[in-house]
Amino acid sequence: MADPFLSIQHVRKSFGATTVVEDFNLDVERGEFVSFLGPSGCGKTTVLRMVAGFEEPSAGTIVVSGKDITRLKPNQRNVGMVFQAYALFPNLTVAQNIGFGLKVAGMPRADIDARVAEMLGIIKLPQMADRYPYQLSGGQQQRIALARAIAPKPKLLLLDEPLSALDAKVRVSLREEIRSIQKKLGITTIFVTHDQEEALSISDRIAVMYGGKAEQVGTPFEIYNRPATKFVANFVGTLNVLEGTVTDAAAGTVRVNSEQVSLKGKLNGSKSGDTLSLALRPEAISLGRQPGRDSSLSGEISEVHFLGSVIRVRVGIGGNTVSLDTFNSPATPPPAVGEKAEISFSSSDMLVLH
Ligand SMILES: Nc1ncnc2c1ncn2[C@@H]1O[C@H](COP(=O)(O)OP(=O)(O)OP(=O)(O)O)[C@@H](O)[C@H]1O
Ligand SMILES: [Mg+2]
């Protein structure tokens with residue numbers, strides 16, 4: 001990245017003797033939407049709070065637009081933040097909540113009113129100006145929190161799990177709305193979530209975090225298809241893992257449950273006799289031999305779930321079980337539990353996990 005807008009460089013954070021963020025590095029482009037994805041306690045909020053200025057790094061530098069902001073106070077950073085828990089002022093109306101930062105900044109009343117009206121339009125709640133937070137649904141409250149964060153036109157928008165308290169349907173519609181507002185305004189945004197589908201669906205790039213570090217930073221496509229570590233492979237998406245033993249490292253052959261699979265070019269660093277974890281995404285596996293799939297393994301159908309348009313099938317391969325989805329076809333009855341079955345796949349789709 002030639003000239004990143006936000007640059008987090010070698011940032012570390014310890015509380016007493018415990019280090020919770022270790023050598024965290026990330027460059028974010030202007031206008032980019034980057035998600036922090038990781039399990040509870042991995043340090044997502046802590047990194048966000050350091051970018052916002054609520055927490056001081058123990059080491060490292062945070063740069064915005066070429067300026068070192070590491071030691072600036074939150075109100076000197078021009079950063080908008082939405083918190084996980086609803087944090088609206090309960091005794092202020094919607095309009096007063098949205099206008100709060102503008103009033104603090106000394107904006108004239110008429111300008112505040114105009115900006116608040118514009119924000120209410122952007123979040124599609126134009127009628128709600130005079131309501132109080134207790135008169136709003138959770139989704140509406142988070143929309144107001146978003147409007148309050150973007151009203152002062154921040155350079156950087158930080159969203160800490162803004163959707164986690166909402167039900168599944170509202171989450172999906174609001175995440176799309178957040179993304180479209182973010183694109184329209186062109187605000188550089190960091191969005192924290194532990195929901196992998198959420199991160200995959202709305203991000204330009206994702207930083208997958210684990211144990212206070214960014215394990216991998218990449219586009220959703222890269223993260224899903226070329227996971228750099230075992231943790232990323234398991235955390236993002238559904239994965240079928242098979243144990244294999246390298247039979248001939250030079251030739252690239254691996255034995256899985258007494259059958260051979262050829263993984264030429266994928267065994268870098270492995271020796272004959274090594275055991276490996278091999279992984280396949282469900283969509284990379286077909287039931288039966290299929291043209292274009294160069295590898296197959298035999299097993300037995302262990303579960304069949306008829307879900308309507310999709311049939312989810314589980315196949316036992318030795319001691320492992322593999323999940324795959326097939327489309328329903330009225331002309332072909334689904335497989336039955338206990339039937340012998342073959343699965344096929346392309347060896348190029350096989351991930352070797354290290
Ligand atoms: N002020 C603090 N003092 C001591 N430890 C803290 C403090 N703030 C956070 N931690 C610890 O730092 C670690 C990372 O916390 P953080 O809140 O960043 O996690 P997170 O990834 O946001 O998790 P979640 O998904 O549950 O919100 C946790 O183990 C937490 O207990
Ligand atoms: Mg958190």
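Just so you know, ligand 1 is whichever comes first in the structure, and atom 1 is the first atom listed for that ligand. Just so it is clear, the structure is predicted and the values come from calculations on it, not from any experiment.
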> Can you name the one residue among V82, I187, T189 that meets side-chain contact (heavy atoms from CB on, under 4.5 Å) with I150?
Replying inline: I187

> When you measure from the side chain of K155 to the backbone N and O of V79, does any donor-acceptor pair fall under 3.5 Å?
Replying inline: no

> Is there an N/O/S atom in T45 at a distance below 2.8 Å from the Mg ion (ligand 2)?
Replying inline: yes

Show the short N or O contacts, below 3.5 Å, that ligand 1 makes with protein N or O atoms; if there are none, say 'none'.
unit_1, atom_1, unit_2, atom_2, d
ligand 1, 18 (O), T45, N, 3.4
ligand 1, 18 (O), T46, N, 2.9
ligand 1, 18 (O), T46, OG1, 2.5
ligand 1, 19 (O), G43, N, 3.4
ligand 1, 21 (O), C42, N, 3.2
ligand 1, 21 (O), G43, N, 3.0
ligand 1, 21 (O), K44, N, 2.9
ligand 1, 21 (O), K44, NZ, 3.0
ligand 1, 22 (O), T45, N, 2.9
ligand 1, 22 (O), T45, OG1, 2.8
ligand 1, 23 (O), G41, N, 2.8
ligand 1, 25 (O), K44, NZ, 2.7
ligand 1, 25 (O), E161, OE2, 3.3
ligand 1, 26 (O), S40, OG, 2.5

> Step by step, would you call F36 with F24 a ring pair (Phe, Tyr, Trp, His ring centres under 6.0 Å)?
Replying inline: CA-CA 12 Å; F36 288 178; F24 188 91; 5.5 Å; yes

> If you count the non-hydrogen atoms of other residues, nucleotides and ligands that lie under 6.0 Å from CD in E339, is the total more than 12?
Replying inline: yes

> Would you call the rings of F100 and F89 parallel, tilted or perpendicular, where under 30° means parallel and over 60° means perpendicular?
Replying inline: tilted

> R255 and side-chain contact (heavy atoms from CB on, under 4.5 Å): which partner among V261, T247, T275?
Replying inline: T247

